[in-house]
Enquirer: 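First the structure, then my questions, so here it is.
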Amino acid sequence: MYRRTEADTDRNYRRLQVLEREDRPMELEDRLRAMNGPLLTWYEDHARILPWREDPQPYRVWISEIMLQQTRVEAVKPYFERFLQSLPDVEALAEVEEDRLMKLWEGLGYYNRARNLKKAAQMIVAEYGGQMPSEYEELLKLPGIGSYTAGAIASIAYGRPVPAVDGNVLRVISRVTASYEDILKQSTKRWMEEHLKNTMPKDRASHFNQGLIEIGAIVCVPNGQPKCGECPLASVCLARKQDLIGELPVKTPPKKRRIEERTVCILEEGTKVAIRKRDDDGLLASLYELPNVEGCLKEEELCEAFGLDPELVAVIEPLPKAKHVFSHVEWHMIGYRVRLRDMQSKAMPEAFISAEKSELKDRYALPNAFGRYTKLII
Ligand code: ADE
């Protein structure tokens, strides 16, 4: 990407920025159109170098966009590289075994994203000969692909002139247009998609969409003070002009999360540790977990709760508390390490899988919710 000098850049912005007359405020779509020039110039100068941007093939764009939902760029980078190495194409993803897929996704959270990737890959193989469709409407039919992801793939990988409105874009556009519409409402997103489709530069859709996302990520930031002094859209931003940056965007506060107390157990016998597979549906479906039950148990309640023979328990050690926040529920956990007498796996209740500790690293996917405790397994 050509990088201009700073002086060049400043001159360009001044030339490209639209001066709004005080006595004649711009209509909505004129205001959106006025973003195009400064936005594209800014993106070409400031785009971060990211692994999925170097070679925007459809499969790579798709995987990165799914990973980037609900996950920060820095956290995604190592997962992206590892995923692409293990599953380099649609066919490999369509055939991957569930446990291996979960292991590759371990720690990223929202595991249904990965399951939908596999389902979509199977559809792409069956219905499109393994080639990702390029049309927005076709992409929308695939599991796990909504209007944002369909727009991102169609525009970034195929140059199609469709918008890609995610949380970053909702924030930027709400501010530029001084909109008080609630950005968590589907209707707000649809409203933005419709207007941006009309006003975006048809031949530069990839950079336009990525530019808006990038401004939302590094300038018009989600938490904390936006860097309006560095923003290429400052001259057209109505929220800035009307001093509304602190009020916008409008976002209804989410419902309070339910609090669930749980007792987690590191149950060890020699080099083995107990795990079990969770149910096929509900929270953390089909992943592995450490033995745990609802409630805050006392030491003397552990044997009954986990089906242990008290004669076979050698040591019980209380562990630190931990907390994990899901979207609708919070787990407030206490923990114990229970060391069983080493009877070559015979002391371990049959309800559990008796896994080698090393297998927790390379075989079984245990979600982050148990991270505070899995770290203590050595
Ligand atoms: N967040 C969502 N999509 C992104 C992308 N393509 N690049 C950087 N951050 C993003």
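Each ligand, and each atom within it, is numbered from 1 in the order the structure gives. Basis for what follows: all heavy atoms, side chains included, without hydrogens, waters or symmetry-related copies. Starting from 1, each residue takes its place in the sequence as its number. If you're wondering where the values come from, they're calculated on a predicted model, not measured in any experiment.
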Enquirer: Among all protein heavy atoms in this structure, tell me which lies nearest to atom 2 (C) of ligand 1, with the distance rounded to 0.1 Å.
Expert: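 Nearest neighbour among protein heavy atoms for atom 2 (C) of ligand 1, to 0.1 Å: Tyr148 OH, 3.4 Å.
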Enquirer: Are the aromatic rings of His328 and Phe326 close, with centres under 6.0 Å apart?
Expert: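 Between His328 and Phe326, the centre distance exceeds or equals 6.0 Å.
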Enquirer: Is any side-chain heavy atom of Glu356 closer than 4.5 Å to one of Lys272?
Expert: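 Yes, at least one pair of side-chain atoms sits under 4.5 Å.
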Enquirer: Atoms of ligand 1 less than 4.0 Å from Trp52 heavy atoms?
Expert: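 So the answer, numbered in order with elements, is 5 (C), 6 (N), 7 (N).
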Enquirer: Just heavy atoms, cut-off under 4.0 Å: does Glu65 contact ligand 1 by side chain, backbone, both, or neither?
Expert: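 For Glu65, only side-chain atoms sit under 4.0 Å from ligand 1.
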Enquirer: When you measure from atom 4 (C) of ligand 1 to every protein heavy atom, which one gives the shortest distance, and what is it?
Expert: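 For this ligand atom, the closest protein heavy atom is Leu68 CD1, 3.4 Å.
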Enquirer: So which protein heavy atom does atom 9 (N) of ligand 1 come closest to, and at what separation?
Expert: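 Protein heavy atom with the smallest distance to atom 9 (N) of ligand 1: Val73 CG2, 3.7 Å.
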Enquirer: Is Arg53 in polar range of ligand 1, meaning some N or O pair under 3.5 Å apart?
Expert: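 The answer is yes, given that Arg53 and ligand 1 share an N or O pair closer than 3.5 Å.
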Enquirer: Nearest heavy-atom pair of Ala178 and Leu238: which atoms, and what distance?
Expert: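 Nearest pair, atom of Ala178 first, then Leu238: CB-CB, 3.7 Å.
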Enquirer: When rounded to the nearest 0.5 angstrom, what distance separates CH2 in Trp62 from CE in Met132?
Expert: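 Answer rounded to 0.5 Å: 5.0 Å.
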Enquirer: Would you kindly confirm whether Val273 and Phe352 end up in one hydrophobic cluster when ILVMFWY residues are joined by side chain heavy atoms under 4.5 Å apart?
Expert: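 No, Val273 does not connect to Phe352 through the hydrophobic network.
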Enquirer: Starting from atom 1 (N) of ligand 1, locate the nearest protein heavy atom and write down its residue, its atom name and how far away it is, to 0.1 Å.
Expert: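 Checked against all protein heavy atoms, atom 1 (N) of ligand 1 sits closest to Ile213 CG2, 3.7 Å.
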Enquirer: Quick check: does any side chain N or O of Thr263 sit under 3.5 Å from a backbone N or O of Gly295, one acting as donor and the other as acceptor?
Expert: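 The answer is yes, because a donor-acceptor pair under 3.5 Å joins these two groups.
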